[in-house]
Amino acid sequence: MLDRVAPGATVGILGGGQLGRMLALAAANLGLKSHIFCPDPHSPAFDVSARHSVADYEDEAALRAFAGAVDVVTYEFENVPARTAEIIESVRPLHPGAKALATAQDRLAEKTFVAGLGIPTAPFRAVRSEAELARALEELGGPAILKTRRFGYDGKGQVRIRPGDSVAEAWAQLGGAPAILEGFVPFSREVSIVAARGRDGSFAAYDACWNEHRDGILHLTRVPAHLAAATEQAAVAAAQRITEALGYVGVIAVEMFVLGEGEGATVAVNEIAPRVHNSGHWTSEGAQTSQFEQHIRAICGWPLGATGSTGRVEMRNLIGSEIEAWPEILGTPGAHLHHYGKAKARPGRKMGHVTTVHRKSE
Ligand code: AMP
């Protein structure tokens, strides 16, 4: 199955949330069908795809039937169980592959891998017990963040520890789960590099974007990120090195901290997302090729699209009841509404986003 996937073929997507939905829409634009696999019978991606399977990620028979019915498989979330990936890979190509999944699923493996490539990260230590936490705090000194190694997202599974705080309490808060302690990085801003690597090893990065979070959830992404040229080059080079070392195929997002300001600013990698990412949503209107199309191109073995920005861009997430502003957004000139079609607007739930592009000529 190393030959190209051609229009008319079917892309299999594990996960049926908004990312799966936007991937399916991009696939449709390229003449492909999609088949979504998700345990939730009310998945937003089902509404826009040719087929779907409702089953657990542990259901081997359902996974085999799904993989057998598609031409290539990808996913919209990094917590795909290793066994699930193994079953899929025994039937059809899975992109990005198992190495990217295993690395991104475990914060300790991720930081060890990135640091091993000579790319700066926060200082870190593995922590498996209260005694190890006490030792790690002493070694790193200063404020720190304790994170579960697995299943953390949007700031969940994290405890901030200041000098003098109770070690026992911090350890208890994570419930004894294997953890990583990171020294607190005094960053000036947070940015990400969204990029893609093709099956032929070609690489294309979007302009760096500047991310602001609220309550641990991405609130606003802005492009350009106004990094000094050398800082942005270093950020892109780090993303490229990571994709090469992983033998990566598809879109990746590399979240980074910026240290310092202006010409002398440097970056440290915080996290890798082996998939299309919320901080890349601006590319749908703000870049020559959207991250969703780019991902489909990459996993199908097609040439990557151009990644240039079409102007100055802002992407704002619509969280929970913020989606109720959809009529006003539709009435705002230049605002592009993306409504994920989710039935219930629970607090903290990503319901949609809105993108505004200020064209280069304006
Ligand atoms: P994460 O789940 O690793 O993406 O962390 C969520 C947020 O916590 C990040 O976007 C940062 O704002 C903050 N954060 C995480 N790790 C660190 C760190 N080592 N130093 C400072 N801030 C951090």
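For this chain, numbers begin at 1 and follow the sequence in order. In listed order, ligands and their atoms are each counted from 1. Side chains included, hydrogens not; waters and symmetry mates left out as well; all remaining heavy atoms used.
- Of the heavy atoms in Gln158, only side-chain atoms (C-beta onward) come closer than 4.0 Å to ligand 1.
- In this structure, of Arg160, Glu190, His213, the residue bringing a heavy atom nearest to atom 13 (C) of ligand 1 is Arg160.
- In summary, the aromatic rings of Phe66 and His35 are positioned with their centroids under 6.0 Å apart.
- Of all atoms in ligand 1, listed by their number and element, those nearer than 4.0 Å to a heavy atom of Ala122 are 19 (N).
- Every residue was checked against the ring-ring contact (aromatic ring centres under 6.0 Å, His included) condition with Phe124, not counting sequence neighbours, and none meets it.
- Heavy-atom contacts of Gly183 reach the following atoms of ligand 1: 18 (C), 19 (N), 20 (N) (cutoff under 4.0 Å).
- Taking all heavy atoms of Lys111, Glu110, Lys147 into account, the minimum distance to atom 3 (O) of ligand 1 is reached by Lys147.
- Separating the CG atom in Leu337 from the NE2 atom in His353 is a distance of 8.5 Å, to the nearest 0.5 Å.
- Both the backbone and the side chain of Val185 come within contact range of ligand 1, each with a heavy atom under 4.0 Å.
- Between Arg189 and Glu212 there is no salt bridge, since no side-chain nitrogen of the basic residue lies less than 4.0 Å from a carboxylate oxygen of the acidic one.
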Can you give each donor-acceptor pair under 3.5 Å made by side-chain atoms of residues 232-256, sequence neighbours left out, with the distance rounded to 0.1 Å?
residue: Glu232; atom: OE2; partner: Ala208; partner atom: N; Å: 2.9
residue: Gln240; atom: NE2; partner: Glu244; partner atom: OE2; Å: 3.2
residue: Arg241; atom: NH1; partner: Leu117; partner atom: O; Å: 3.4
residue: Thr243; atom: OG1; partner: Gln240; partner atom: O; Å: 2.8
residue: Tyr248; atom: OH; partner: Val251; partner atom: O; Å: 2.6
residue: Tyr248; atom: OH; partner: Pro274; partner atom: O; Å: 3.4
residue: Tyr248; atom: OH; partner: Arg275; partner atom: N; Å: 3.3

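- Residue contact check: Phe184 has heavy atoms under 4.0 Å from atoms 20 (N), 21 (C), 22 (N) of ligand 1.
- For His281 and Phe292, the ring centers sit closer than 6.0 Å to each other.
- Taking every heavy atom of Ile145 and a limit of under 4.0 angstrom, the matching atoms of ligand 1 come to 14 (N), 15 (C), 16 (N), 17 (C), 18 (C), 22 (N), 23 (C).
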